[in-house]
Amino acid sequence: MKYFLLLLLLPIGLQAQQITNQRVYDTIPFIPEHTPQRLAQFAKEPIVTGKIIFLGNSITEMGNWKKATGDTTVINRGIGGDITFGVLKRLKDITDRQPSKVFLLIGINDIGKDIPDPVIADNELKIVKEIHNKCPQTKIYVESVLPVNSTVNNFPQHYDKEEHVLALNKLLQANAVAGGYTFVDIFHLFVDADGRLQAQYTYEGLHVKPAAYIVWVDYLRKMGYL
């Protein structure tokens, strides 16, 4: 009886927080119709092992990695709109190819869908673990999420969550030793003095232009990752 009276006295919002463990986000990619199209395309490609794979969402998909790296054997496994849950579902395509290196950039769409930062970071650990289990020789590079710029025209407002980008990147860096991966900070390459994605490198404050991929790859080379 006393517990019941206490609940009545508590604010409604606080009561709700105490009694629910329900997931408050979905795990569907932003462009669900695009995923099967890309997966069908991947399935048509021959299984070639020992190559470099760039894995992620639209930022990865839009990169001309063969041109940027000068390596015609590089494999692009970016899917526009994808989230960490989506990558987890399609790892067989990666592990079957026994890559020499995997560069993983994922998380901004998760942030856009309000998936909690620790959940995103944990999913990235799961991705790394699965690749390590199936491909123990593969070197894995987990890249920081890029900055965004909500002041640029046509910026998609559900990505206006800069504080989550910073928080997630800290988690990804902190998990590197436990996860057995190399954390790569590419955030600093493209951030301006106000903490936003440099306007010169972006179309709408989220995706980056071809010039950004050149800067990106040059940095990977400078650090000895490529």
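Keep in mind the model is a prediction, meaning the values are calculated, not measured.
- Going from atom CG of Leu168 over to atom CD1 of Ile120 covers 5.0 Å, rounded to the nearest 0.5 Å.
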Sequence neighbours excluded and cut-off under 3.5 Å, please list the side-chain donor-acceptor pairs for residues 121-129, or say none.
from   : atom 1 : to     : atom 2 : distance (Å)
Asp122 : OD2    : Lys126 : NZ     : 3.4
Asn123 : ND2    : Thr84  : OG1    : 2.9

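- Members clustered with Leu171: none, using a 4.5 Å side-chain heavy-atom cutoff among hydrophobic residues.
- For the atom pair NE2 of His132 and CD of Gln137, the computed distance is 9.5 Å after rounding to the nearest 0.5 Å.
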| task | Give the intermediate values and the outcome of side-chain contact (heavy atoms from CB on, under 4.5 Å) for residues Lys67 and Trp65. | result | CA-CA 5 Å; Lys67 180 178 180 180; Trp65 300 105; over 6 Å; no
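- Using a 4.5 Å cut-off between side-chain heavy atoms of Ile, Leu, Val, Met, Phe, Trp and Tyr, with links allowed through other members, Leu105 and Tyr203 fall into the same hydrophobic cluster.
- Minimum heavy-atom separation, Leu206 to Thr202: N-OG1, 3.3 Å.
- Transitive grouping of hydrophobic side chains (ILVMFWY, heavy atoms separated by less than 4.5 Å) keeps Leu39 and Leu88 in distinct clusters.
- Separating the CD atom in Gln198 from the CG atom in Asn149 is a distance of 10.0 Å, to the nearest 0.5 Å.
- Thr138 is linked by a side-chain contact (heavy atoms from CB on, under 4.5 Å) to Pro99, Val102, Ile131, Cys135, Ile140, counting only residues two or more places apart in sequence or in another chain.
- Closest heavy-atom contact between Pro147 and Gly195: CB-O, 4.3 Å.
- Grouping Ile, Leu, Val, Met, Phe, Trp and Tyr by side-chain contacts under 4.5 Å, direct or through others, leaves Val152 on its own.
- Taking 4.5 Å as the limit, every side-chain heavy atom of Tyr159 sits out of range of all side-chain heavy atoms of Val165.
- In this structure, Asp160 and Glu162 have side chains that are in contact, with non-hydrogen atoms separated by less than 4.5 Å.
- When the shell of 6.0 Å around NZ of Lys134 is examined, it contains 12 or fewer heavy atoms from other residues, nucleotides or ligands.
- Residues satisfying the side-chain contact (heavy atoms from CB on, under 4.5 Å) test with Asp185, not counting sequence neighbours, are Ser144, Phe183, Phe187, His188.
- Distance check, rounded to the nearest 0.5 Å: CD1 of Ile53 to CD1 of Ile94 gives 4.5 Å.
- Judged as a side chain to side chain donor-acceptor pair (under 3.5 Å), the pairs with a partner in residues 163-173 (not counting sequence neighbours) are, in order, Asp117-His164.
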Under 3.5 Å, which donor-acceptor pairs link side chains of residues 40-51 to any protein atom two or more places apart or in another chain?
from  : atom 1 : to    : atom 2 : distance (Å)
Glu45 : OE1    : Arg77 : NH1    : 3.2
Glu45 : OE1    : Arg77 : NH2    : 2.9

Can you give me every donor-acceptor pair (side chain of residues 208-226, partner residue at least two apart or in another chain, under 3.5 Å) with its distance?
from   : atom 1 : to     : atom 2 : distance (Å)
Tyr213 : OH     : Ile59  : O      : 2.5
Trp216 : NE1    : Glu143 : OE2    : 2.8
Arg221 : NH2    : Thr69  : O      : 2.3

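- Contacts of Glu204 classified as side chain to side chain donor-acceptor pair (under 3.5 Å), with partners at least two apart in sequence or in another chain: His207.
- No donor-acceptor pair under 3.5 Å is formed between the side chain of Arg196 and the backbone N or O of Ser150.
- When the salt bridge (Lys or Arg N to Asp or Glu O under 4.0 Å) test is applied to Asp114, the partners found at least two apart in sequence or on another chain are Lys161.
- Without hydrogens or angle criteria, Asn76 side chain to Asn64 main chain gives no donor-acceptor distance under 3.5 Å.
- With rounding to the nearest 0.5 angstrom, the CD1 atom of Ile79 is 10.5 Å from the CD1 atom of Ile31.
- Within the structure, the ring-ring contact (aromatic ring centres under 6.0 Å, His included) test picks out the following pairs touching residues 66-107 (sequence neighbours left out): Phe54-Phe103, Phe103-Tyr141.
- No more than 12 heavy atoms of other residues, nucleotides or ligands shown are found within 6.0 angstrom of CG on Asn154.
- Salt-bridge formation is detected for the pair Asp82/Arg90: a Lys NZ or Arg NE/NH1/NH2 atom is positioned less than 4.0 Å from an Asp or Glu carboxylate oxygen.
- For Ile83 against Ile115, the heavy-atom pair with the smallest separation is CD1-CD1, 4.2 Å.
- The CD1 atom of Ile111 sits 10.5 Å away from atom CD1 of Ile106, with the distance rounded to the nearest 0.5 Å.
- When the side chain to side chain donor-acceptor pair (under 3.5 Å) test is applied to Arg97, the partners found at least two apart in sequence or on another chain are Asp93.
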| query | side-chain contact (heavy atoms from CB on, under 4.5 Å) between Val119 and Tyr25: does it pass, once the steps are laid out? | reply | CA-CA 11 Å; Val119 174; Tyr25 55 86; 3.6 Å; yes
| request: Go through the steps for Leu146 and Ile108 under the test side-chain contact (heavy atoms from CB on, under 4.5 Å), then give the verdict. | output: CA-CA 8 Å; Leu146 293 172; Ile108 190 61; over 6 Å; no
